[in-house]
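Down below is the structure, laid out as structure tokens.
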Amino acid sequence: MSVYRNAIWFLNGVHHYTRKGYEAASKDFELRELDVSVVGRSFMVTGANSGIGRATAMAIAKKGGTVHMVCRNKDKAEEARVDIVKESGNTEVYVHVVDMSETRKVWEFAEAFKREYIFLNVLINNAGCMEHKREVNAEGLEKNFATNTMGVYILTQTLIPLLQKSRDPRVITVSSGGMLVQKLRVDDLQSERGYFDGLMVYAQNKRQQVVLTQQWAKANPVIHFSVMHPGWADTLAVSTSMPQFHQMMGERLRSVEQGADTVVWLALSRAAARTLSGQFFQDRKPVPVHLPLAWTHSSTEEIQTFMTQLETLARAVQSRSDPELNVP
């Protein structure tokens, strides 16, 4: 990864990813596109008890949607649910306690959800983590990868049949502009080689999410897939994972509502459903997934290798799970 590429990315970020970037972009927003009611539609939001996830869940609840909050911490999730119900007046808000880093449990939750519910209109993969020391979960998977990539892969892949049976199904994944400095690495998914840099591992996971979205869109034309960058938002996750960056940017950071705006637009608006599936969005517009002149493009063979590795890891997790669960 070159210093030049990082510098270009950061300068681009200061211009577009900050609060000022949002304010400039929002002048072109069509406000009527979010003047909708989604009563009767079902939405699953991971990481919904704080930050962008909570802002998204709140916005959906206010529009009348049924919200399934998938959260790691039960107490914080219940507290957030009470606030969302109180402010939105919508009681159709439910908490599911799942740690997205626990790969087997993510799969078991998704299987159980399919048995309990007859439809799901929109899945929003928002939960993420940035661990700065290399740790592994119960399945031996590096925790950033387990949460940001395998959790997203297994949850989405397992729920695709349920989404396919629903009206106007959509899958939105909250990625990061940091992925622009990363090329898909298929030879070290678990970050076992060399120095472990949590920030770069996170950025690599976010590149993986973009590739996943593109591949899912090709394989599942009935479902509208999108991945997006919320910009640099003032969230608890940013302040704890990147305290120096958080302090440096200060008031230039976006509010959580501004960060969540494109997620909400992708989830609710008819205009979003008319866009080409598989694209990367920023401030309600599709944007390139590579910087100009960047060496971050992947070959067809590299992408296939990546997808095959994910499928192999997923099958290994499923084979060790509860034998009573019906695995396709």
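The analysis underlying the following values was restricted to heavy atoms, covering all of them including side chains, and did not include hydrogens, waters or symmetry mates.
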Do the side-chain N and O atoms of E142 and Q190 include a donor-acceptor pair separated by under 3.5 angstrom?
no
If only atom types and distance count, is the side chain of R207 paired as donor or acceptor with the main-chain N or O of R185 below 3.5 Å?
no
Do the side-chain N and O atoms of E92 and N90 include a donor-acceptor pair separated by under 3.5 angstrom?
no
Check whether any side-chain heavy atom of M150 sits under 4.5 Å from a side-chain heavy atom of L310, and report yes or no.
yes
Please check if V36 and W265 belong to a single hydrophobic cluster, counting links between Ile, Leu, Val, Met, Phe, Trp and Tyr side chain heavy atoms closer than 4.5 Å.
yes
Pair T296, H290: side-chain N/O donor-acceptor within cut-off below 3.5 Å:
yes
Passes side-chain contact (heavy atoms from CB on, under 4.5 Å), L184 versus F306? Steps please.
CA-CA 8 Å; L184 182 67; F306 170 64; 3.9 Å; yes
Taking L212 as the starting point, is it possible to reach L163 by hopping between hydrophobic residues whose side chains are less than 4.5 Å apart?
yes
A272 and H224: which non-hydrogen atoms are nearest, and at how many Å?
O-NE2, 3.2 Å
Would you find a donor on one side and an acceptor on the other, under 3.5 Å apart, between the side chain of K114 and the backbone of T158?
yes
F281 and T275, any side-chain heavy atoms less than 4.5 Å apart:
yes
Neighbour count >12 (heavy atoms, 6.0 Å) for atom CD, E87
no
Between H16 (side chain) and D283 (backbone), is there a donor-acceptor pair under 3.5 Å?
no
Verify whether one side chain among N137 and T103 offers a donor that lies under 3.5 Å from an acceptor in the other.
yes
Would you check if there is a donor-acceptor pair between the side chains of H229 and T262 at a distance under 3.5 Å?
no
With a 4.0 Å cut-off on N to O distance, would you call D187 and R193 a salt bridge?
yes
Check T46, T173, N148 against N125 for a side-chain hydrogen bond (donor to acceptor under 3.5 Å, both in side chains) and give me the one that passes.
T173
Distance (rounded to the nearest 0.5 Å) between S42 OG and Y94 OH
9.5 Å
What's the verdict on salt bridge (charged side-chain N to carboxylate O under 4.0 Å, His left out) for D99 and K143, showing C-alpha distance, side-chain angles and the deciding distance?
CA-CA 11 Å; D99 186 334; K143 280 201 172 179; over 6 Å; no
Check for a donor-acceptor pair, side chain of S26 on one end and backbone N or O of E23 on the other, with a separation under 3.5 Å.
yes
Does the side chain of T156 reach to within under 4.5 Å of the side chain of F225, using non-hydrogen atoms?
yes
Can T305 and E301 be counted as having a side-chain donor-acceptor contact under 3.5 angstrom?
no
Flag yes if more than 12 heavy atoms outside K105 fall under 6.0 Å of its NZ atom; otherwise flag no.
no
Shortest non-hydrogen contact between A80 and M69, atoms and distance:
CB-CE, 3.8 Å
Minimum-distance pair of heavy atoms, taken over all atoms of A127 and G47:
CB-N, 3.6 Å
Show, in sequence, the C-alpha distance, side-chain angles and deciding distance for F43 and H68, and conclude whether the ring-ring contact (aromatic ring centres under 6.0 Å, His included) test is met.
CA-CA 6 Å; F43 301 77; H68 294 280; 9.7 Å; no
Sub-4.5 Å side-chain heavy-atom contact between M179 and N205
no
May I ask you to decide if K76's main-chain N or O and N73's side chain share a donor-acceptor pair within less than 3.5 Å?
yes
When R19, K285, R284 are each screened for salt bridge (charged side-chain N to carboxylate O under 4.0 Å, His left out) with D261, the one that passes is R284
Sidechain-backbone polar pair: E139 side chain, L141 backbone, donor-acceptor under 3.5 Å:
no
What heavy-atom pair brings R134 and S191 nearest, and what distance separates the two atoms?
NE-O, 3.2 Å
Report, as yes or no, whether the 6.0 Å neighbourhood of atom CZ on R72 holds more than 12 heavy atoms from other residues, nucleotides or ligands.
no
Under 3.5 Å: donor-acceptor pair, side chain of R254, backbone of W232
no
Are W216 and L189 grouped together when hydrophobic residues (ILVMFWY) are joined by side-chain heavy atoms under 4.5 angstrom apart?
yes
Main chain of Y22, side chain of Q258: is a donor-acceptor contact present, judged purely on distance under 3.5 Å?
no
Please check if atom CD in E79 has more than 12 non-hydrogen atoms from other residues, nucleotides or ligands closer than 6.0 Å.
no
Side-chain donor-acceptor pairs of residues 48-59 under 3.5 Å, sequence neighbours excluded:
residue	atom	partner	partner atom	Å
R54	NH2	D83	OD2	2.7
T56	OG1	I52	O	2.8

OG/S175 to CD/Q208 distance, rounded to the nearest 0.5 angstrom?
10.0 Å
Within the 4.5 Å heavy-atom criterion, are T66 and V38 side-chain neighbours or not?
no
Qualifying ring pair (Phe, Tyr, Trp, His ring centres under 6.0 Å) pairs with a residue from residues 165-198, counting only residues at least two apart or across chains
none
Taking C-beta and beyond as the side chain, do F280 and T213 meet within less than 4.5 Å on heavy atoms?
no
K74 with E78: basic N within carboxylate O range, under 4.0 Å
no
Contact between I172 and V227 at the side-chain level, heavy atoms closer than 4.5 Å - yes or no?
no
Is any side-chain heavy atom of W295 closer than 4.5 Å to one of K183?
no
Joint cluster assignment, V171 & V45, ILVMFWY side-chain distance < 4.5 Å
no
